[in-house]
Amino acid sequence: MAENVTVSIASSRLAQTCALGGDVSRLRFATGARLEALHRMGVRTVRDLLLTLPRRYLDFTRVTTVAGANLGEEATVVGRVDRVELKRPRPKMSISEVFIQDDTGVMRASFFKQPWVAEQLKPQDLVALSGKVGFSYGFKEMRSPFHEVIAKAGETSGYARLLPVHPLSEGLSAAWMRRIVSSALADIADPCDFLPAGLAAAHGLDPLGRALRYAHFPRTLAGAEQARRRLAYDELLCLQLALRGRHDLEGGSRTGRPHVVEGPHLEALRASLPFSLTEEQAQAVGEILADMREPRPMNRLLLGDVGTGKTVVAACAMAACADTGTQCAVMAPTSVLANQYAEKVGPLLDAADVSWRLITGSTPAKERAAFTEAIREGDVTVVFGTSAILSADVEFCDLTLVVVDEQHRFGVDQRSRLAQKGSVADVLSMTATPIPRTLALSVYGDVEVSRITQRPVKGAGVNTKVVPPESLDLAYGAIREEIEAGHQAYVVCPLVEDKDDPAGVENPSGDERKLKSAVAAQRELSRSIFPARSVGLLHGRMSPAEKDAVMKRFRSGETDILVSTTVIEVGVDVPNATAMLVYDADCFGLATLHQLRGRVGRGSVSGRVFLETSAKRGTPARKRLTALEHTSDGFALAEMDLELRHEGDILGYRQSGLATLRLVDLAADADLVEAAHSDAQALLREDPALERPEHRPLAIEVRERHALYFEEGGGA
Ligand code: ADP
Ligand code: MG
């Protein structure tokens, strides 16, 4: 096994000679509180420091003088601080007033509600101010401009034309970061490049040394971008190699269990279905069974929008375990979902004579002991559960298939802990969260993908309409109609309580709007808009027991309208709910809204969805929402989100490997993602353990960046 690990231990000695892997504390000035501040930012090695790229660059190629700054235009002005005052015109209001001077005149800058600015800036500091130039009380003035200290009082500074502004943590100044980064760059001088020369050339990438220098101290912005791309490619390639190395470790080279497919249990399951599989479902089942009959362990992702019928596809795979005489574990992220599985799939399995159990955190101890005994003895084929099934008392007799639903909600370690309960189990992951191809490639590396795009149920689907606040009556009217027809409705809000509103605080100009909170909406709807109806409230600050009770009342039809935050996003399935109103819809990403609207229109009646927004016609926010009126393709919407960098929606994926992709811009770097993926495959095909001399440095780099992956499985 050890020889097959991408990186051999012996060569790690070589790494110690490489300055990039050295501890940051070796650098001059990196001591005491500053060293601690670097550690807080996750910077431990020189590599970490140099891969902490500037958030932006101050462009001094366009610096003007005080006299030359035109009124009403954006400008950057550099000058020495002349005077600083902190004014408090009324309680809770502060204005830091700073006067700077250059050879041509004096300019004032006022900073509202930023008292710390007055403490930070001292007379004689050399600062740059960027902002719109105005005029008041006889001075040219900037209001809350972007400001940056170039040199403290007494220091001289020949500043560069493009000045990097690095991410900071408390206790570090941008000026100090620039200093330590340049000292690190001087230290490593011209490092040997770990990237095989052919690859850098093929993609037109900068050599490592130049990329590091230009990423921090570029001559042009284009040069900085070129440098970032080289470093982003490194991240992608190393992650691919690490994932691949781990995959090999977890069984890529080992053989798994070939399953019996198309046996009697599967046949019985098929025969008992009240419907026939759609073409896409049949194809997905075919792909999964083809993987399962092979000795090579399966690693497949089943992607399908909400309501496309993934569950029954997974059930077919479970039946194959019964035919093989082995076991299957199905892990769902919440107990609501695990229960739903048992309710929906349980009867299908019963009809096919496949035994199953459900284990969650609330399974009574006595029952649990009986279940685990049966599982250990091999008397149970399928186990549904939450992460409760990861605990040590759940031991399988012969686990050969692991099904993970909404798998991105679990961390890498949880998924591999489950897989380790079988010697070499096949893995089927399922998700309704649309994941763009680039993301799937970068997070899962070698996973195979099956996709379902069409909904099986005719008539299901949603009709989406964007409404301005003044037309809310349309939405209320539709909800009223649906309730009168015996149906139910969801109302979704961006905030839990009014006091969570982040506006006001940051935006003193007074043009902020007020976002709707679930608590306020519930009050308003139940008192004045639907006084005769029962309006429930659900949000993330409630205890699990409270949430369960609320959901139970909604599911039973006791509650007509459920007001909530996005907690209903995942998996809640109440077919009788046919209408939805989302307040301040522009606060959400498209993928989230798409997930949300998938909650209605699950039965045979199509759902009616209203997206309320005060974004005006023609604005980008409004156009984005309008896309939802026209397309029902979750993947297309996810790609749009990515283009718009609405990262919140894909944040769930960060824990599964994306966290290490700090320099990659998934929208702009799609070509790099593809390149790194195929390069990694080609490299490993040629030299599986990366042990040829020309690949050694790369192997070391991978190991240093992803030590975790290798330690985890190292002893397996
Ligand atoms: P999801 O992909 O969101 O998990 P489900 O598996 O819950 O979707 O399926 C949604 C609904 O469609 C369920 O009520 C299921 O019974 C139904 N369904 C699944 N496949 C078919 C089919 N081939 N024909 C008709 N209805 C189907
Ligand atoms: Mg599902």
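We count ligands from 1, going down the list as the structure has it; atoms in each ligand are counted the same way. Quick note: residue numbers are just sequence positions, from 1. All heavy atoms count here, side chains included; hydrogens, waters and symmetry mates do not.
For ligand 1, the atoms sitting less than 4.0 Å from at least one non-hydrogen atom of T278 are 23 (N), numbered in the order shown with element in parentheses. Atoms of ligand 1 found under 4.0 Å from any heavy atom of T311 (numbered from 1 in listed order, with element): 4 (O), 5 (P), 6 (O), 7 (O). Near T308, meaning under 4.0 Å from one of its heavy atoms, ligand 1 places the atoms 2 (O), 8 (O). Under a 4.0 Å criterion applied to the non-hydrogen atoms of K344, ligand 1 contributes the atoms 7 (O).
In this structure, E612 does not pair ionically with K516, as no charged nitrogen and carboxylate oxygen lie closer than 4.0 Å.
Remark: R293 CZ is loosely packed, at most 12 non-hydrogen atoms of other residues, nucleotides or ligands lying under 6.0 Å away. Annotation for E546: atom CD counts as buried by contact number, over 12 foreign heavy atoms lying within 6.0 Å.
Shortest non-hydrogen contact noted between L401 and M292 is CD2-CE, 4.1 Å. Here the closest heavy-atom approach between residue R597 and residue L628 is recorded as NH1-O, 2.7 Å.
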Note to self: What verdict does the side-chain hydrogen bond (donor to acceptor under 3.5 Å, both in side chains) test give for T453 and E280, after you've listed the backbone C-alpha separation in whole Å, the side-chain angles of each residue and the deciding distance to 0.1 Å?
What the structure shows: CA-CA 8 Å; T453 57; E280 284 182 322; 2.5 Å; yes
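If you look at S276 next to ligand 1, the close heavy atoms, those under 4.0 Å, all belong to the backbone.
The closest approach between any non-hydrogen atom of M430 and ligand 1 is not below 4.0 Å. Residue contacts with ligand 1 do not include P274, since none of its heavy atoms lies under 4.0 Å from the ligand.
Annotation: G309 places an N or O atom under 3.5 Å from an N or O atom of ligand 1; distance criterion only.
One finds the OG1 atom of T326 at 11.0 Å from the CZ atom of F396 (value rounded to the nearest 0.5 Å).
Considering only non-hydrogen atoms, atom 20 (N) of ligand 1 lies nearest to Q281 out of E279, Q281, K310.
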